[in-house]
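Below is one structure; the comments refer to it alone.
The basis for the numbers below is simple: all heavy atoms, side chains too, and nothing from hydrogens, waters or symmetry mates.
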Amino acid sequence: ARAASDEAAALCEKQGDRFHLGFGHTLRTLVELEAGDLDAADAHANAARATMGVTATIDEWILAAVSSVDLARGRVEQALARAREAEAMHVRAGGTNWTPESAMRLALANALDASGDHEEARRVIGIARDRILGIAGEIRTPAWREAFKARMHNGRVLELAERWRA
């Protein structure tokens, strides 16, 4: 999978496709974080940041991933600043794009929790939970609804909301 990711990144770079290059590096950041390879996660997060400026949607997601890397590295203040920047982008964009929203709110809640602001972290994760469940409620096919709730950041938001009793 990593080799395929590297090939896709090379192709996107060759074609000048900054959107998909940023998207790919962001996904790779999350894969490396999950695998525990913080150096690789950091490298891909920085590569993703270099593509910023294409669209607010991908930029918001990139900053959420960078925030997660910062947090994993123990850089709590940086993680919180990046998550807040992603949140500000979300608000400026009208707050209607759900694609990066759960990633942004998850990163923000985790950074707030790590900074000691547990009450605000619970509030943020509760907002994310409500948004996910609201969207899921509009999905008529049960299997698709459950898949939406379980997908990457959504599933983690719902787990945290339950654990934190948000």
Side-chain angles (χ1 to χ4, degrees), residues 9 12 16-34 38 40-138 148-166:
C12 287
D17 184 351
R18 289 180 52 215
F19 178 87
H20 288 101
L21 183 61
F23 184 80
H25 279 299
T26 302
L27 282 175
R28 184 72 179 270
T29 299
L30 300 173
V31 166
E32 299 300 351
L33 266 175
E34 194 69 30
L38 297 183
D42 229 349
H44 285 283
N46 287 327
R49 285 188 67 211
T51 69
M52 287 181 64
V54 177
T55 70
T57 299
I58 192 71
D59 289 355
E60 184 181 329
W61 198 38
I62 289 168
L63 286 172
V66 171
S67 173
S68 298
V69 172
D70 286 338
L71 192 58
R73 290 248 187 225
R75 301 181 297 228
V76 176
E77 288 180 24
Q78 279 182 308
L80 186 54
R82 297 245 168 80
R84 287 209 184 277
E85 187 179 348
E87 179 186 40
M89 281 182 174
H90 183 74
V91 170
R92 280 194 306 273
T96 58
N97 191 343
W98 61 265
T99 303
E101 184 177 358
S102 61
M104 175 273 294
R105 294 207 190 278
L106 180 63
L108 180 57
N110 282 326
L112 285 163
D113 189 56
S115 75
D117 194 346
H118 308 297
E119 189 61 36
E120 182 65 5
R122 273 192 296 283
R123 187 188 73 75
V124 167
I125 213 72
I127 291 169
R129 178 208 54 226
D130 292 349
R131 180 89 159 114
I132 291 165
L133 294 178
I135 293 166
E138 298 295 319
F148 174 79
K149 288 169 34 182
R151 68 184 264 214
M152 198 170 15
H153 296 100
N154 294 352
R156 290 189 176 152
V157 163
L158 296 175
E159 288 170 18
L160 267 185
E162 187 174 322
R163 190 174 341 135
W164 290 353
R165 301 184 203 318

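Nearest heavy atoms, Ala107 versus Ala64: CB-O, 3.6 Å. The two residues Thr29 and Ala45 have their closest heavy-atom pair at OG1-N, 3.0 Å. Closest approach of Leu33 to Ala65, counting heavy atoms only: CD1-O, 4.5 Å. Pairing each heavy atom of Leu71 with each of Ala111, the nearest pair is CD2-N, 3.9 Å.
Taking OG of Ser102 as the reference point, atom CD1 of Ile127 lies at 13.5 Å (rounded to 0.5 Å). Between Glu120 atom CD and Leu108 atom CG the span is 7.0 Å, to the nearest 0.5 Å. For the atom pair CD1 (Ile62) and OG (Ser67), the distance works out to 13.5 Å, reported to the nearest 0.5 Å. In this structure, the separation between NE2 on His44 and CD on Glu32 is 5.5 Å, given to the nearest 0.5 Å. Note that the CG atom of Asp130 and the CD1 atom of Ile135 stand 11.0 Å from one another [nearest 0.5 Å]. For the atom pair CD1 of Ile58 and OG1 of Thr26, the computed distance is 4.5 Å after rounding to the nearest 0.5 Å.
The aromatic rings of His20 and Phe23 stand perpendicular to each other, their planes meeting at an angle above 60°, with 30° marking the opposite boundary. Between Trp61 and His153, the two ring planes are perpendicular [angle over 60°; tilted spans 30° to 60°].
Here salt bridge (charged side-chain N to carboxylate O under 4.0 Å, His left out) pairs that include residues 48-66, with residues two or more places apart or in two chains, number zero. Residue pairs meeting the side chain to side chain donor-acceptor pair (under 3.5 Å) criterion with at least one partner in residues 156-166, sequence neighbours excluded, are Glu34-Arg156.
No side-chain heavy atom of Leu38 sits less than 4.5 Å from a side-chain heavy atom of Asp42.
Between the Arg129 side chain and the Val157 main chain, no donor and acceptor come within less than 3.5 Å of each other. With Asp113 contributing its side chain and Ala109 its backbone, the two residues share no donor-acceptor pair below 3.5 Å.
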message: Between Glu87 and Arg105, does the side chain to side chain contact (heavy atoms under 4.5 Å, CB included) criterion hold? Intermediate values first, please.
response: CA-CA 7 Å; Glu87 179 186 40; Arg105 294 207 190 278; 4.1 Å; yes
Under 3.5 Å, side-chain donor or acceptor atoms of residues 76-84 against the rest of the protein: list the pairs with distances, not counting sequence neighbours.
from: Gln78; atom 1: OE1; to: Arg75; atom 2: NE; distance (Å): 3.2
from: Arg82; atom 1: NH1; to: Asp70; atom 2: OD2; distance (Å): 2.5

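Using a 4.0 Å cut-off between charged nitrogen and carboxylate oxygen, Glu119 and Arg123 do not count as a salt-bridge pair.
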